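Here the structure comes first, spelled out in structure tokens, and everything after it is commentary.
Everything numeric here is computed off the predicted structure, so don't read it as measured data. Residue numbers begin at 1 in each chain, while the letters A, B, ... track the order of the sequences.
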2 protein chains.
Amino acid sequence: MKQVTIYDIASEAGVSVATVSRVLNNTAPVKASTRSKIMKLIKQHQFQPNALARSLLKKETGTIGVIVPDITNPFFPEVFGGIDSAARDKGFTFFLCDTLGDYDRESQYLDILRKKQVDGIIFMGGRINLAKCPTELVEEVVETAARIPMVLVNGNLPGTELHRVAADESKGAAMATQYLVEQGHRDIAFIGGHDYTSTNAQKLRAFKRVMNQNGLPVAKERILYGDFTMSAGERLMKEILQDSSRPRPTAVLCVNDFTAVGAIKAAIRAGIFIPDDMSIVGFDDIPLASAIYPELTSVKLHMDQLGRNAVDVLHKLIMKEKVKRMTIIEPELVVRDSTKKLIHRE
Amino acid sequence: MKQVTIYDIASEAGVSVATVSRVLNNTAPVKASTRSKIMKLIKQHQFQPNALARSLLKKETGTIGVIVPDITNPFFPEVFGGIDSAARDKGFTFFLCDTLGDYDRESQYLDILRKKQVDGIIFMGGRINLAKCPTELVEEVVETAARIPMVLVNGNLPGTELHRVAADESKGAAMATQYLVEQGHRDIAFIGGHDYTSTNAQKLRAFKRVMNQNGLPVAKERILYGDFTMSAGERLMKEILQDSSRPRPTAVLCVNDFTAVGAIKAAIRAGIFIPDDMSIVGFDDIPLASAIYPELTSVKLHMDQLGRNAVDVLHKLIMKEKVKRMTIIEPELVVRDSTKKLIHRE
DNA sequence: ATGAAAGCGCTAACAG
DNA sequence: CTGTTAGCGCTTTCAT
């Protein structure tokens, strides 16, 4: 089916393309009768102006590129939801770029998004979550950001001036730890993720700091590393339970909800009651957290707000308005049923 | 920062734009020395050809529009993952259009995608899941599909010739029901979704049919309707448990996993052990299903395959190759820990 | 092997 | 109020 253009409409209406363009964009007054004649033709032919041609000229596409490491991980759809709800009324459409955390794919997408002339980029995951990101990878991002407005969500590239929106994970971990301590827990384990990620580093540091401030020791055996998955949570919890060299911890802080859910499963399987025998805290508060039984106590990161704020910042960047470089979202500890005051047994 | 164009590269290299275009696309032989000179300039300026201009000319954008009703519902990221993995190597990028199940937004996106000249559309959710879809809504889709290759995923618009890829939900429901019956269950309830959705209708019909075939009655009180959410599952399970007019069913078939998870929670809270006191089957097999305790027996719909097959069909449509109008994905019953053989107590 | 020039469909001066 | 025209950045004949 041949694409109908503004020329077809114009000639059929007996006017010039300029006039058609004018009614299309309401960019100048058009005689009512001409206008309605044109409108009729537009309806009749189901004419939709070619956005490529328009964008080519206007140098704006109304499109935002959203880079995520794994859309299958509930964290990111939640953020995306926030992005969408904040940007759709501004008329933006989204390229969803799923990188699978692969740096090469990130690079490719950065290129593609430039070619496609997106108005802005929201970058999540992958290289911006590394405790130490290789210089070339940083450079790439910086160079793209020099040409296209960009905001990093929940990540960082130290040494750069990139705009960021992030949850205060360190504070969240501190809150959770302090809460557990106040519930009477003294022997708390930390089930972490990859040690080369900044999120793991931050949470672990905060955990240790708060334990310290409370005069509580953290044995080396109490720090476990995994890969942020449910099965890692299961495996690590099993490890903890099998360690017969010491009594089991009365509480566990997990690096994210997946890990916590896995840990809970392993515990229940081993006949340990949650929260009676052991308290468990997750991180992120993805929908899963309140879906399981017992409902998970978790540090809510307000993923939707993360998305919404990212759009705010990005939009200002696009409009060349002034924005502050860093936006912090306050986390919130959501206490549910997986944690409990410790009844000292002696 | 001024966008650098093919003209800048050309003039700086002392050649014509045609030559630059040729090295860019490898579309005709270029003298090695010229080529390398150009390449160098491209690298140096970080030149990326403007895809809009190219697409305007070529009449293809390498972009697919993916319409989903709710990216926050794990079902859709899974499908999207399949789409992505099948299409990215073909060089496609994706517009993710989240409609929130709102028909107006669906219409808008259909328009936007046409304007943006996408090469194809994958349509999920909303109007294509209605048991009876209003004619105007059907028309819109048909008209779009007349201009842009489109495939409907897990939905249908009866009376149209649109291409579809769908899981056999009816069969899935039949399998699950038959399985429960074979486990000795005779009093089975069905916790459904909205009665105006085709998915609910299909599953319910299959459920009743199989019960019938086994000579088992289905009391009216055993069919409950909700809205596919966890809280509906909770509420409906409570309702079932509070009905003192009859013994509680020994098994429950749920319209989806969310509902099942909610039902399980309500049951556990009421002191009912799953699966010992009651068997529960979910539908879809989203990741959540295997995350909870007890792990949920569920009808796996192979969401990723749904996505992959949709891309296959769409790609052939785009290439104007022949494709069959309907692709069925076989469901699979995944038996886990939420179901159990019924031990008759009398 | 390379260049000149004609568009792709649209918008935005500039005239009238 | 409306028409003419010059591009936006790129690809592609058609020459050379």
Side-chain angles (χ1 to χ4, degrees), chain A residues 1-39 41-42 45-63 111-112 114-119 147-148, chain B residues 1-39 41-42 45-63 111-112 114-119 147-148:
Chain A
M1 183 172 297
K2 168 130 186 2
Q3 159 97 348
V4 14
T5 75
I6 200 172
Y7 278 94
D8 303 322
I9 303 290
S11 71
E12 206 172 324
V15 299
S16 78
V17 291
T19 305
V20 178
S21 175
R22 283 176 191 121
V23 348
L24 240 27
N25 303 290
N26 245 296
T27 182
V30 172
K31 208 206 302 175
S33 65
T34 330
R35 149 171 262 108
S36 68
K37 193 200 303 177
I38 292 175
M39 294 285 256
L41 258 1
I42 290 178
H45 288 87
Q46 299 254 54
F47 168 69
Q48 297 278 14
N50 185 324
L52 298 174
R54 180 169 210 280
S55 295
L56 184 56
L57 204 54
K58 302 284 299 270
K59 289 165 176 349
E60 62 178 54
T61 53
T63 301
D111 284 355
I112 292 177
R114 268 187 60 198
K115 288 208 249 270
K116 301 233 178 194
Q117 313 289 119
V118 296
D119 294 341
R147 301 173 151 81
I148 304 178
Chain B
M1 183 170 296
K2 169 124 187 9
Q3 158 95 352
V4 13
T5 75
I6 200 172
Y7 278 93
D8 303 321
I9 303 291
S11 71
E12 208 171 323
V15 300
S16 78
V17 293
T19 305
V20 178
S21 174
R22 284 178 189 118
V23 347
L24 241 26
N25 304 290
N26 245 297
T27 182
V30 172
K31 208 205 304 174
S33 65
T34 331
R35 149 172 262 107
S36 68
K37 193 198 304 175
I38 292 174
M39 295 285 256
L41 258 3
I42 290 178
H45 289 84
Q46 299 253 55
F47 168 69
Q48 297 279 12
N50 184 325
L52 298 175
R54 180 168 210 280
S55 295
L56 184 56
L57 204 54
K58 302 285 299 268
K59 289 166 174 353
E60 61 179 53
T61 53
T63 302
D111 285 353
I112 292 176
R114 268 188 58 198
K115 288 208 247 270
K116 301 233 177 193
Q117 313 290 120
V118 296
D119 294 340
R147 302 173 150 77
I148 304 178

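Between N25(A) and the phosphate of dT11(C), there is a side-chain N or O to OP1/OP2 separation shorter than 4.0 Å. Taking 4.0 angstrom as the limit, K59(A) places none of its side-chain polar atoms (N or O) nearer than this to OP1 or OP2 of dT11(C). Phosphate proximity of dC10(D) to K115(A): absent, as no side-chain N or O sits under 4.0 Å from OP1 or OP2. At least one side-chain nitrogen or oxygen of T34(B) sits closer than 4.0 Å to the OP1 or OP2 atom of dT2(C). Note on T5(A): every side-chain N or O is 4.0 Å or more away from OP1 and OP2 of dG9(C).
Nucleic acid contact for S55(B): none, since no nucleic acid atom lies under 4.0 Å from a heavy atom of the residue. If you check every strand for non-hydrogen atoms under 4.0 Å, S21(B) touches a base.
A straight line from CG of L52(B) to P of dC8(C) spans 17 Å, rounded to a whole angstrom. Straight-line distance from the CG atom of L57(A) to the P atom of dT5(D): 18 Å, rounded to whole Å. When rounded to the nearest whole Å, the span between CD1 of I38(B) and P of dC10(D) equals 13 Å. As a whole-Å value, the separation of L56(A) CG from dG7(C) P is 17 Å. In this entry the distance linking CD1 of I6(B) with P of dC8(D) reads 14 Å, nearest Å. Rounded to whole Å, the distance from CD on E60(B) to C1' on dC10(D) is 14 Å. The distance between atom CZ of R22(A) and atom P of dG3(D), rounded to the nearest whole Å, is 8 Å. Distance CD1 (I9(B)) to P (dG9(D)): 13 Å, rounded to an integer number of Å.
With hydrogens and angles ignored, the 3.5 Å screen pairs no side-chain donor or acceptor of T19(B) with any backbone N or O of V17(B). Within the 3.5 Å criterion, the main-chain N or O of T5(B) finds a donor-acceptor partner in the side chain of D8(B). In this structure, S55(A) contributes its side chain and L52(A) its backbone to no donor-acceptor pair below 3.5 Å.
One side chain, T63(B) or K116(A), offers a donor N or O that lies under 3.5 Å from an acceptor on the other.
Nearest to the side-chain atoms of V17(A) among the listed nucleotides dT5(D), dG3(C), dC10(C) stands dT5(D). Checked against dA4(C), dT2(C), dC10(C), the side chain of V30(B) finds its nearest nucleotide in dT2(C). Listed nucleotides dA12(C), dT11(D), dG9(C) differ in distance to K58(A); the shortest reach to its side chain belongs to dA12(C). Relative to the side chain of V15(A), the nucleotides dT2(D), dT2(C), dG3(D) differ in distance, and dG3(D) lies closest. Closest to the side chain of A18(A), from the set dA12(C), dC10(C), dC10(D), is dA12(C).
For the pair K115(B) and Q48(A), the tightest heavy-atom approach, listed with the atom from each and the gap, is NZ-OE1, 3.3 Å.
Inter-residue side-chain proximity for Q46(A) and R114(B) is flagged as met; some heavy-atom pair is nearer than 4.5 Å.
Two residues, V20(A) and S33(B), neighbour DNA chain C, and the one matched to the more 5' nucleotide by heavy-atom proximity is S33(B).
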